[in-house]
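The basis for the numbers below is simple: all heavy atoms, side chains too, and nothing from hydrogens, waters or symmetry mates. Sequence lines set the chain letters: A, B, ... in the order given, protein chains first and strands last, and positions in each chain run from 1.
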Amino acid sequence: MSIGNIPILTFLIFFPLAGIVIMIFISRKKEVWLKWTANLITLLEFFFSLLLLRGFQANAEGMQFMERTDWIKSFKVQYLLGIDGISLLLILLTTLLTFLATLSSWKAIKDRVKEYYIFLLLLEVGMIGVFVSLDMVLFYVFWELMLLPMYFLIGVWGGERKLYAAIKFFLFTLFGSVIMLVAILAMYFQYHTFDLLAIVQSGSYLPLALQSWVFLGFFLGFAIKVPMFPFHTWLPDAHVEAPTAASVILAAVLLKMGAYGFLRFSLPLFPDAARRFMPVMIALALISIVYGALVSLMQKDMKKLIAYSSVSHMGFVMLGIFTFTPMALKGAIIQMINHGISTGALFLIVGIIYERRHTRLIADFGGLSARMPVYAAVFLIMTMSSIGLPGLNGFIGEFMILMGTFAVNWKWAAIAASSIILGAGYMLWLYQRVMFGKLSNPANESLTDLTIREFATFFPLLIMAFWIGLMPKPFLDILDKPVENIVRIVRPDYFQKQIFDIRQLKKPAPTEALNAEGH
Amino acid sequence: MVRALVPEIVVLTVALVILMLDLLVRRKEILGYVTLAGALLAVYFVLRPLCADGQYFSAMITVDRFTAFFDIIFLVAMVVTMFISMHYLDTQRWVHGEYYALLLLATLGMMLLAKAADLVMVFLGIETLSLAVYILAGYLRQEKKSNEAALKYVLLGAFSTAFLLYGIALIYGSTGSTNLLTIAQVIARENILADPLLLLAMALIMVGFAFKVSLVPFHMWTPDVYEGAPTPITAFMAVGVKAAALAAFLHVFLLAFPALHPYWGKLLWGVAVLTMTVGNLIAISQNNIKRMLAYSSIAHAGYILIGLIAGGEAGVTSVLYYLVVYMFMNMGAFAVVTAYGSQGDENLEIKDYAGMGWRQPWLAFAMLVFLFSLAGIPPMAGFMGKLYIFSAAIKSGYIWLTIIGVINSVISAYYYLRVIEVMYMKPAQRTVIPMTAKPALIVALIVTVFFTLQIGLFPTLTMEFARLAAVIGR
């Protein structure tokens with residue numbers, strides 16, 4: 001399927017590549033040209049991705065906008081693309097945040113500007129490719145492709161310990177990925193295809209023992225990316241040392257890929273193993289939530305604080321995924337989008353202050369709201385979004401996850417809910433120490449408020465925060481079908497049992513309605 | 001009969017012609033172009049053979065698609081080496097004539113080795129190849145390191161060839177023949193699988209090959225010889241000699257000893273694991289770039305061995321495919337080293353590469369492509385090669401070997417990344433300005449980069465060639 005005869009997904013993947021070619025021909029000295037070109041390309045990419053909404057049908061079965069050709073005939077690898085509701089949301093998140101990250105780098109990057117934007121565009125190619133690939137080898141190629149530009153972004157334009165952080169990120173992620181490769185190859189020799197759709201539709205699953213091993217192989221690759229405790233140790237270093245734009249993309253998009261991998265591969269392909277390992281996953285998710293929150297409380301560096309808060313938030317997402325209820329799954333996916341928006345904004349916020357003062361230590365600030373009121377307002381909104389204040393986007397995701405978890409096991413929900421308090425703790429405390437109080441540090445006297453460009457980087461995120469928070473229905477509706485498909489595979493008995501589901505409150509007789517809906 | 005060896009005859013003739021021409025011409029580049037012409041002619045005769053597939057010269061020589069595939073690899077490797085050498089010899093101001101002749105003679109030895117259907121022919125091919133390469137390794141007469149390299153290579157090479165010869169003699173003793181196919185028939189017929197003489201012979205032959213392919217623990221000569229030899233010759237050794245030895249390895253073990261697979265399979269399993277691990281771990285501590293690449297090539301031989309152990313059509317195809325990929329990325333890496341080290345091999349420490357990423361951006365980009373390809377990162381060809389080899393291994397059931405292989409890939413990424421880190425992320429220590437690259441070198445670089453990317457992004461064509469050539473596996 002395509003829009004007006006153009007294969008839209010291929011176009012989305014390779015348009016930034018065309019952008020790179022254009023940028024190669026612009027001389028290194030014309031920095032303004034380079035910046036304008038890069039921003040224009042990422043903005044256009046975002047608008048093109050909005051075209052997907054035009055042709056997308058929320059109620060259609062199966063993948064949409066599919067494209068299929070042979071890539072490596074002798075190895076049965078196909079160039080197979082397609083999206084559903086989950087990938088659609090993530091693609092929109094990716095294109096929006098790449099544009100905002102590019103916009104935010106205008107003043108921040110001073111040398112080697114050309115290569116910087118080229119790497120950002122290359123990163124976008126990889127990210128979009130991951131979200132649309134339905135062939136396992138193609139997915140893997142795009143997955144690993146992202147390591148290259150991210151390594152350079154951290155290693156060349158990063159902070160003090162950039163070399164250590166870059167190589168740690170690269171090797172850690174590579175390790176998980178190659179184990180996943182072994183698992184992919186093992187799958188191939190059972191199913192004789194790399195085609196994800198064919199395997200899912202075949203309805204045949206691996207024997208439990210083999211399935212468990214392959215599940216663990218994929219698990220390692222995805223868990224390192226999410227990151228789940230105890231594979232999270234690369235995250236604080238990478239986030240802190242990376243330049244602002246790279247941190248934004250890392251937090252907002254790259255982390256989501258791990259969770260996306262679970263949703264797209266682990267759950268549909270290995271349902272028995274997923275059910276078997278569910279307690280372990282839940283335990284790790286809960287540990288991530290609480291541990292991430294506790295460690296955030298202690299941080300002195302703003303960026304590190306937000307980095308650990310990402311661990312905590314992604315723990316919430318993993319909790320939602322592994323309870324296997326539609327409510328929690330939808331909550332998890334929405335939470336992924338929300339986390340992208342709020343944490344992306346928070347890293348941008350830290351970046352703004354870092355550009356002005358070249359420090360991220362909380363102790364160096366205090367009372368900034370007197371000098372930077374607009375900044376204070378944006379910061380406050382995003383803080384509330386991160387905490388999960390009703391009215392903003394964070395609430396929707398967290399609430400749905402907790403509802404779904406409560407239906408399965410109330411103790412888990414209680415632990416997760418308790419960490420929301422911790423979340424409020426570290427975020428509000430951060431805000432208070434930085435923005436409120438006395439303006440004690442004389443270096444902060446001359447701080448200027450947000451410029452138009454800087455505000456422009458926040459504007460879309462603010463809109464999305466309120467939109468999802470107040471009117472989440474359109475976003476949730478496109479998730480109905482894919483989530484239903486996943487639950488149907490992992491918990492086939494779900495749609496027969498009578499389970500409290502908030503959607504059912506309007507329907508007359510729960511059992512009949514469930515059966516009718518689940519045809 | 002003679003028609004079977006036409007490519008080899010062409011190569012030999014050109015070698016002799018070069019020796020003569022050397023006396024007559026003043027501009028030495030002409031010799032390079034003559035070599036190129038000769039190589040192209042030889043490739044033509046390989047692709048359009050004047051004889052049918054089969055065995056010739058009293059079943060000493062096989063001609064089939066497998067040998068054709070390898071012949072092309074050798075000739076391409078030689079041409080690329082020659083292009084790199086044209087730059088290198090000029091900057092070093094060394095004599096050209098015998099160099100090209102020796103390269104051609106070494107290639108001759110390699111082609112004979114690949115075509116060998118008889119153990120005696122294997123020995124002949126190895127000796128022809130080795131003698132030429134010994135001299136080439138020590139070509140820089142006035143460099144101590146070069147002399148050391150040549151001497152080490154000669155002594156250890158002679159020692160290992162003696163092992164090989166002893167093994168051949170014992171095979172003759174236990175089976176009564178040195179022809180590969182006949183040996184297999186005798187083993188099957190007489191049912192002498194557990195004959196200690198036979199097993200000893202097999203082990204000795206394995207030692208002989210392991211030396212040439214530099215498998216652990218017969219690899220000790222490799223770093224020193226690779227470091228001391230002139231850089232283009234290092235490239236030639238790392239790619240050509242290794243490929244030739246692997247061709248013979250495949251021939252001997254898959255044609256003559258298939259029944260002994262239970263024995264040599266286990267042995268090679270251990271050797272492969274050792275080779276990969278030792279190669280990668282020691283490479284981490286290297287400061288000299290040529291030594292690092294030497295250890296990296298040892299590790300890659302380990303990956304190739306995995307394909308050999310897997311066997312079958314998939315295994316052999318994956319080995320052939322990997323050799324093509326390996327040729328381009330390794331030759332390319334050494335080409336970059338030659339280009340950068342043009343003031344006479346000075347810039348061979350990794351830390352001397354600092355700042356190259358920004359001052360010679362295209363050269364650094366080429367190096368980036370090669371290093372990531374060696375590490376096995378998509379979309380470069382190295383990833384496809386490893387994917388194919390690992391999938392063949394899993395197909396044959398070697399899960400643990402695959403897992404060790406992928407973990408080794410991660411370990412190797414560390415030292416490849418270190419070079420990239422130094423190139424792009426460290427400030428320049430001393431200003432290194434390499435000499436302007438000669439056109440030949442630029443051509444070599446462009447060709448290697450192009451194919452490293454092309455084979456990675458569109459592997460189908462090369463994979464098909466490899467599959468067609470994998471006659472042995474069937």
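Listed by sequence position, B/G376, B/I377, B/P378, B/P379, B/M380 are the residues of residues 374-381 of chain B in contact with chain A, using a 4.5 angstrom heavy-atom cutoff.
Both the backbone and the side chain of A/L174 come within less than 4.5 Å of a heavy atom of chain B. Heavy atoms closer than 4.5 Å to chain B are found nowhere in A/V77, neither backbone nor side chain. Heavy-atom distances place both the backbone and the side chain of A/I72 under 4.5 Å from chain B. When heavy atoms are compared at a cutoff of 4.5 Å, B/L461 does not approach chain A at all.
Evaluation of the ring pair (Phe, Tyr, Trp, His ring centres under 6.0 Å) test over residues 448-470 of chain B, restricted to residues two or more places apart or in two chains, returns B/F328-B/F451.
Listed options B/I399, B/I403, B/L387 were ranked by heavy-atom pairs under 4.5 angstrom with chain A; first place goes to B/L387. Per-residue counts of heavy-atom pairs under 4.5 Å with chain B were compared for A/L181, A/L145, A/L148, A/I167; the largest is that of A/L148. Between chain A and the residues B/I394, B/I420, B/L417, the most heavy-atom pairs under 4.5 angstrom are made by B/L417.
Note that the CG atom of A/L147 and the CZ atom of B/F372 stand 8.5 Å from one another [nearest 0.5 Å].
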Full working for side-chain contact (heavy atoms from CB on, under 4.5 Å) between B/L368 and A/F152: CA-CA 11 Å; B/L368 196 150; A/F152 277 100; 3.3 Å; yes
Considering distance alone, list the donor-acceptor pairs between chain A and chain B shorter than 3.5 Å.
{"residue": "A/W71", "atom": "O", "partner": "B/T460", "partner atom": "OG1", "Å": "3.0"}
{"residue": "A/W71", "atom": "NE1", "partner": "B/L457", "partner atom": "O", "Å": "2.6"}

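At least one side-chain heavy atom of B/V410 sits less than 4.5 Å from a side-chain heavy atom of A/L171.
A search for ring pair (Phe, Tyr, Trp, His ring centres under 6.0 Å) contacts involving A/H232 returns A/F229, A/Y291, not counting sequence neighbours.
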